[in-house]
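Below is one structure, written out as structure tokens, with a few remarks after it.
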Amino acid sequence: MTTSPTDPGTPTPEVPEELRNNVAITPLAKLLDPIYNWSRRNSLWPLGFGLACCAIEMICAASSRYDFARFGMEVFRATPRQADVMIISGTVTKKMVPTIVRLYNQMAEPRYVISMGACASGGGPFKEGYSVVDGIDKFLPVDVYIPGCPPTPQALLNGMIAMQEKIDNQSIASAPWYRKGDPTAEVVPVPVLGPDLVDVRQLDVIKEEAAKVEAEVETAVNA
Amino acid sequence: MTESILNTPQAGSAAGIYENPVDEAIAILKERYPGAVADDPRDNYSGLVVNAGSIVEVAQALRDDLGFNYLSSVTGVDLIEDNKLEVVYHAYSIEKGGSAVVLHVQVDRDDPVVPSLVPIFPGANFQEREAWDMMGIRFDGHPDLRRILTWDEFHGHPLRKDWHEPFYEADHKPFGSRWPGGSVRRAEEHNPFGKNVQYPPGWVPTGEEYEVETNMYEGVTVSREATPGLKTDKVIVNMGPQHPSTHGVFRMVVTLDGETIVGLKPVMGYLHRNHEKIGERNTFIQNIPYTDRLDYISSMSNNHGYVLAVEKLMGAEVTERAEWIRILMVELTRIVNHLWALGFLLNDLGAMQTPMLYFYIERELILDFFEAAAGSRMMCNYMRFGGVAYDLPDDVRGQPTMQFLHDLIYDRIPKALEQGDGLMTGNEILRNRSIGVGYLSPEDAIAYSTAGPVLRASGIPYDVRRAEPYSYYEHLDFDVAVRYNGDIYDRFRIRMDEMRQSLRIIEQVLPHLKATEGQPVVGSKPQYALRMPANGEAYGRVENPKGELGYYVTAKRRSSNPERYHVRAPSFINLTALEKMTVGHKVADSVAILGSIDIVLGEVDR
Ligand code: SF4
């Protein structure tokens, strides 16, 4: 009797000499993980929606010259229920972000977000404007950022491969989406549009700021 | 009709006082409405100043009696120093061609009310809504004056000069924080909310904020009348902003009776990126890369319109070689755009991906050429005031450039078009789905201010390259493509025709490129620290693949930033006619009709 290399407490059965070529003993997770990850990494189905200029390069990456079907990613789904990865391909505006968050909430776990291009990652050339969200990561957890304006199709491919590598390193044993209280399954509260975009997680800060202004007005009046 | 346009004397070349239709119209208007209209007194401003009260009368006369029947653009301007707001109208004559009659209406900044021109020019509809949204100018008598690019509860009118965005630093670039010391600050760190938002002072959320899902429908008439004898309701179906057929983040709210469309309201603004506000902060040259991102499929021709406008203002000469390169680039852009427009249209008609992939190869070849010339496939940022940024590259994809272009123009693209024609033009499914669908009459096409292939497919041979030639188009031999049925099928075929005409133009340009080799590609005027020599306004317009793209730019003497910078976006204005085209058709057709207009959301929403 030897003990398992990963878990010294569990005894591993002895394999008879003549079967050694055919039988290998590994922990279950170690056996399943590669299969599980292999199947997921090679069928990353993106949600088919384009936001802006970057979407054009995304379509190019899906077409014959760059062809990301080679990596199992070509099946653009029109509904979030069937999609694994959301490619934020362009400028996220304040008017659009409630819809994007709602779409994200409708995707089934495990779900991933790729932020394609300068705009999605941080507002890009339009950051200084009044109606643009300065980065989708203000609302959604992003897995891979791809720089560029627009990123070339090659850059997008590179980003998708980085996404695959990330998946390779995941393990069923620790995957959050099969556990209770999974943080990735949390519903992101949908922002609302008031006089400006309102992130409902920030209501307290907004009220504080309003109170500050009021106090200022009062001191001004008293003085 | 083509003939009459070709023979029209152009503005500026007129010898006699009334040989120029614009001067004639202005003289007649002044005579007929003394007291209500007057010459614009400002330096380098053209056209008339009209009393707000008389604008409807004047516009009517302009359309009915003087033949200026095409209202191209409506622009709001903030004249903060005079405490006034101004609306600028550009009206053209479809029959006579030539330049615009420009009308300026000025109103008090605190109570800006202008009578709406929608009853006379329905094409003003969305543009007036835009001016209301951005500037806060109220248009009396407008049928549906709601915000269009922002949302109903938005705080303030962002293009007013005294309205500041959350990450505001200074009125004009270069910002002090980046130059000369170069200590860049992160805007988020200076904002109490850590993101790009601001609220009116003291504003507290009530929980009854704008609900995108429901409030949007308020502008749509929910009709519940039943058909006699049958209990039926009309239903409202929402398509978009995330919908595979809306070509981006566009939204249509469709009212249906059974499967037939009885009403359609486009909802836009989902890609509103503050193009104009940023444009007024930028220096002149900084705007060129931003124009790339308007109609992001045709960046080269967007550059062209803008540099034309600024060149008019600064009085720059373009070198000969640069003009030929520009024409080469914009005509290639037209081909790039139409190849994909047709691919998308066929996609919408059910030919999933196939035509697109067939056309894709030639498109990629052209993009490779753009990349070799400008450094980027899509966002070329290639034109400069007085020329272009770089000369043509020595070689493209391992081939000498001229050889590459020659192969492309004489061999690859004609073959691709041939193949496309063979696969699609006679295709029965395509014909059945598109002939007679989405009809737009020639009168409506003009009234709704549609432009480009949409206008020409309805039988109006109006093309800016002929009507008011810019660059060297005057010297080039080509036909204005025109078709007469005004349906989806003709809008498909006209794009095929236009690509062939573009090839014809490029064939004429190639020898000039050879002949001018080695000559300068940009004039000698300074580009970077450009200061305007004088006050003035300029309107630069080009025939973009989508239609007439116009830039209205005003500037002050010695300033290095545009005072007002407005884009007349063809995709945006062509959408005004969408409801007209779709009503009466089945809901599935609305998708194809939208595809036949060929919109790009970057330009619709700016
Ligand atoms: S990153 Fe550049 S190309 Fe992409 S959406 Fe933004 S502006 Fe367009």
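Proteins get letters first, then strands, A, B, ... in listed order; numbering begins at 1 in each.
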Atom of [X], atom of [Y] and distance for their closest heavy-atom approach:
{"X": "R293(B)", "Y": "C53(A)", "result": "CG-SG, 4.1 Å"}
{"X": "W340(B)", "Y": "C60(A)", "result": "CH2-SG, 4.0 Å"}
{"X": "L271(B)", "Y": "T91(A)", "result": "CD1-O, 3.9 Å"}
{"X": "M378(B)", "Y": "P150(A)", "result": "SD-CG, 4.1 Å"}
{"X": "S63(A)", "Y": "L357(B)", "result": "CB-CD2, 3.7 Å"}
{"X": "P201(B)", "Y": "V213(A)", "result": "CB-CG1, 3.8 Å"}

Which answer fits [X], side chain, backbone, both or neither, if we ask what part of it has an atom under 4.5 Å from a heavy atom of chain B?
{"X": "K127(A)", "result": "both"}
{"X": "Y66(A)", "result": "both"}
{"X": "A55(A)", "result": "neither"}
{"X": "I100(A)", "result": "neither"}

Non-neighbouring partners of S131(A) that pass side chain to side chain donor-acceptor pair (under 3.5 Å), sequence neighbours left out: N274(B)
For D171(B), side chain to side chain donor-acceptor pair (under 3.5 Å) partners two or more places apart: Y168(B)
Between [X] and chain A, with a heavy-atom cut-off of 4.5 Å, which part of the residue counts as in contact: side chain, backbone, both or neither?
{"X": "Y199(B)", "value": "side chain"}
{"X": "R377(B)", "value": "side chain"}
{"X": "K277(B)", "value": "side chain"}
{"X": "P166(B)", "value": "side chain"}
{"X": "L149(B)", "value": "backbone"}
{"X": "F344(B)", "value": "side chain"}

Sole residue of R273(B), K173(B), R281(B) in salt bridge (charged side-chain N to carboxylate O under 4.0 Å, His left out) with E128(A):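 The residue from R273(B), K173(B), R281(B) that satisfies salt bridge (charged side-chain N to carboxylate O under 4.0 Å, His left out) with E128(A) turns out to be K173(B).
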Between [options], which shows the greatest number of heavy-atom pairs under 4.5 Å with chain A?
{"options": "M379(B), E165(B), E188(B)", "answer": "E188(B)"}
{"options": "I361(B), T150(B), V197(B), D292(B)", "answer": "V197(B)"}
{"options": "D605(B), L367(B), D368(B)", "answer": "D368(B)"}

Neighbours of chain B found in residues 157-165 of chain A - heavy atoms under 4.5 Å: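 The stretch does not come within 4.5 Å of chain B.
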Choice from G90(A), C119(A), A211(A), S64(A) maximising heavy atom contacts with chain B below 4.5 Å: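 It is S64(A).
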Among V133(A), L103(A), V190(A), L203(A), residue most engaged with chain B (heavy-atom pairs, under 4.5 Å): L103(A)
Crowding at CZ, F370(B) (>12 non-hydrogen neighbours, <6.0 Å): yes
Partners meeting ring-ring contact (aromatic ring centres under 6.0 Å, His included) with Y565(B) (sequence neighbours left out):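 ring-ring contact (aromatic ring centres under 6.0 Å, His included) check on Y565(B) returns H275(B), Y306(B).
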N196(B) CG to F126(A) CZ distance, which is reported to the nearest 0.5 Å: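 Between atom CG of N196(B) and atom CZ of F126(A) there are 13.0 Å.
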Pairwise distance CD(E364(B)) to CZ(R65(A)) - rounded to 0.5 angstrom: 4.5 Å
Criterion side chain to side chain donor-acceptor pair (under 3.5 Å) against Y130(A), the qualifying member of Q198(B), H272(B), H155(B): H272(B)
K95(A) charged N/C atom sitting above F154(B) aromatic ring, 6.0 Å / 45°: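 Not flagged: K95(A) not positioned over aromatic ring of F154(B).
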Candidates L197(A), V198(A), I206(A) - the one meeting side-chain contact (heavy atoms from CB on, under 4.5 Å) with F193(B):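 Considering L197(A), V198(A), I206(A), a side-chain contact (heavy atoms from CB on, under 4.5 Å) with F193(B) is found only for I206(A).
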